[in-house]
2 protein chains.
Amino acid sequence: MDNYMPILNKVKLFEGLNDKDIISVLNCFDVKIRRFKSGEYVYRISDSVSSIGILLSGGIYVQKEDYWGNLNILAEIRPADLFAEVFACLNNNKITYDVLSYKDSVVMFFDVGRVISMCTSSCPFHALVIQNLLMVLAEKNKKLTQKLSCISQRNIRQKLLYYLASYAENSKREFFEIPFNRQQLADYLSVDRSAMCRELGCMKKEGILDYKKNRFVLYKN
Amino acid sequence: MDNYMPILNKVKLFEGLNDKDIISVLNCFDVKIRRFKSGEYVYRISDSVSSIGILLSGGIYVQKEDYWGNLNILAEIRPADLFAEVFACLNNNKITYDVLSYKDSVVMFFDVGRVISMCTSSCPFHALVIQNLLMVLAEKNKKLTQKLSCISQRNIRQKLLYYLASYAENSKREFFEIPFNRQQLADYLSVDRSAMCRELGCMKKEGILDYKKNRFVLYKN
DNA sequence: CACCTTTCGTTGCAAATACAACATATATTA
DNA sequence: TAATATATGTTGTATTTGCAACGAAAGGTG
């Protein structure tokens, strides 16, 4: 286990715990470790899931075939990332996608029921792990809500303004920088890159905003 | 408090608890009750939030002014609904919108820190409340993810197919029913109703699907 | 039934967008 | 520095979409 310490330190579920604490938590919660060959499925759609997956090494795709049989990759899981945590927290815990190990992987399974129910446990880090779990879910929630608000805007201009305004609001200076390049931004907003560039150009002409690369200014009037 | 029992029974945080259990939980967690006049703010944007709000009576809007000063109502909270639970679960707990009591309201505040930290408490319902809280967050998460996948589709046809397929997959019969009327569906997909109706008409002509009112059939070939 | 209201479907048209193809600018590497 | 790769910007065109307006169908009510 010790050789996974650098990864375990990055796991959000263990934030605030030092190496010794983490070891103690792992023992206390009786985690399982499993190895998966490249191409092996960790979960198949509609499997019941009661433990959070933590990827220690390798690589995993969260994917799903649509109604007509086309494969879609929904997320790529990297070492230290959690997966299936949403279903592990639900009563109806049937997972709604496939989880595929696309490299040889090592996965740690963390039982949620055990985390919740062991209130009388003597493990002093219990509360912190629960809090971390709540934070992971809440943070994801916040991000999803933000993105949804953004994408729900009815045209490219509104989407851009909504997105940029969220940075403008938090910026102390007149300008601010965004973490996406143009293609990534277009993907995030679910629009075509060139159409988005055109709209940016128009808005610059109209004096609504200014930009150079990732640095933007948003004018109020 | 007894007169609020019918409401408290509907609160998801207390699911699985009977009346007596709920009373005991309320005592154990030392909830606060506050009344708000119509027009009074429960939270202002960037307030620090450490407790979950539960609306017992009245009505609340979750709202926000955008960068240019236009007001947007993001959600309407009704009795038995939770609010601000996401921020209460975060470390950076500054709320990102205003919470306005638009009627005379009675609100119960439920401290999250207390829920998490009181592992040694003798309250036997502790674990259940935590589990319920996790479930509330996880369920919201799942719904947001579904909606986001749907809206991220690049045109109305794809959005419709994605939405309908999720029902088709779970349906035992050849047909299935959706819970929205046309306007609600259009709002959910973030598109214009008439444009959506047109697309539905086209797809029916092309033999991709069939429908009458809320009852749909989705053909595979 | 007659009347009203709401929902659903249709269509013309203007506007917005995706797509494709290419030009320019910036960054990376030899 | 030159060569190459990557990112950004531009534009023409076909398609898609929003909007507005209206008629048909369905549902509710006296």
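Lettering follows sequence order; numbering is per chain, from 1.
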**Student:** Which parts of residues 146-154 of chain B get close to DNA chain D, meaning a heavy atom less than 4.0 angstrom away?
**Tutor:** none

**Student:** Nearest whole Å is fine: how far is C:dA18 C1' from B:Asn155 CG?
**Tutor:** 10 Å

**Student:** Rounding to a whole Å, what distance do you find between A:Asp192:CG and D:dT15:P?
**Tutor:** 16 Å

**Student:** Is the number of heavy atoms from other residues, nucleotides or ligands within 6.0 Å of NZ (A:Lys10) greater than 12?
**Tutor:** no

**Student:** So, does A:Gln131 use its side chain to make a donor-acceptor pair with the main chain of A:Leu128 at under 3.5 Å?
**Tutor:** no

**Student:** Using only heavy-atom distances, determine whether the side chains of A:Glu76 and A:Tyr102 contain a donor-acceptor pair under 3.5 Å.
**Tutor:**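 A:Glu76 vs A:Tyr102: donor-acceptor pair found between side chains.
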
**Student:** Round to a whole Å and report the spacing from CZ of A:Arg215 to C1' of D:dT8.
**Tutor:**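 In whole Å, D:dT8 C1' and A:Arg215 CZ are 17 Å from each other.
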
**Student:** Tell me: CD of B:Gln158 to P of C:dT17, nearest whole Å?
**Tutor:** 18 Å

**Student:** Any salt bridge between A:Lys12 and A:Glu85, counting N to O under 4.0 Å?
**Tutor:**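 So A:Lys12 does not pair with A:Glu85 through a salt bridge.
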
**Student:** Please give, in whole Å, the distance from D:dA7 C1' to A:Leu185 CG?
**Tutor:** 13 Å

**Student:** Do B:Asp19 and B:Asn9 get their side chains close enough for a donor-acceptor pair, meaning under 3.5 Å?
**Tutor:**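 Side chains of B:Asp19 and B:Asn9: pair found under 3.5 Å.
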
**Student:** So what is the end-to-end bend of the helix from C:dC1-D:dG30 to C:dA30-D:dT1, with 5 pairs used at each end and the value given to 10 degrees?
**Tutor:**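 One end's axis against the other's: 50°.
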
**Student:** Can a salt bridge be assigned to the pair A:Glu206 and A:Arg157 using a cut-off of 4.0 Å between side-chain N and carboxylate O?
**Tutor:** yes

**Student:** May I ask you to check whether over 12 heavy atoms, not counting those of A:Arg154, lie within 6.0 Å of atom CZ?
**Tutor:**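 Counting other residues, nucleotides and ligands, CZ of A:Arg154 exceeds 12 neighbours.
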
**Student:** Among side-chain atoms of A:Tyr163 and A:Gln153, is any donor-acceptor pair under 3.5 angstrom?
**Tutor:**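 No, because no side-chain N or O of A:Tyr163 sits under 3.5 Å from a partner of the opposite role on A:Gln153.
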
**Student:** Between A:Asn93 (side chain) and A:Ala88 (backbone), is there a donor-acceptor pair under 3.5 Å?
**Tutor:** no

**Student:** Using whole Å, report how far CZ of B:Arg157 lies from C1' of D:dT16.
**Tutor:**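 Those two atoms, CZ and C1', are 11 Å apart.
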
**Student:** Rounded off to whole Å, could you give me the CD1-to-P distance for the A:Ile156 and D:dT17 pair?
**Tutor:**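 In whole Å, D:dT17 P lies 12 Å from A:Ile156 CD1.
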
**Student:** Around atom NZ of A:Lys143, are there more than 12 heavy atoms from other residues, nucleotides or ligands closer than 6.0 Å?
**Tutor:** no

**Student:** Take atom NZ of A:Lys159 and atom P of C:dA16, then tell me their distance rounded to the nearest Å.
**Tutor:** 14 Å

**Student:** Determine, for B:Arg34 against B:Glu40, whether the closest basic-nitrogen to carboxylate-oxygen distance falls under 4.0 angstrom.
**Tutor:**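 B:Glu40 and B:Arg34: salt-bridged.
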
**Student:** Tell me, for nucleotides 7-14 of chain C in 5' to 3' order, what letter each nucleotide earns: B for a base near a protein heavy atom under 4.0 Å, S for only sugar-phosphate near one, - for neither?
**Tutor:** -BBBBBB-

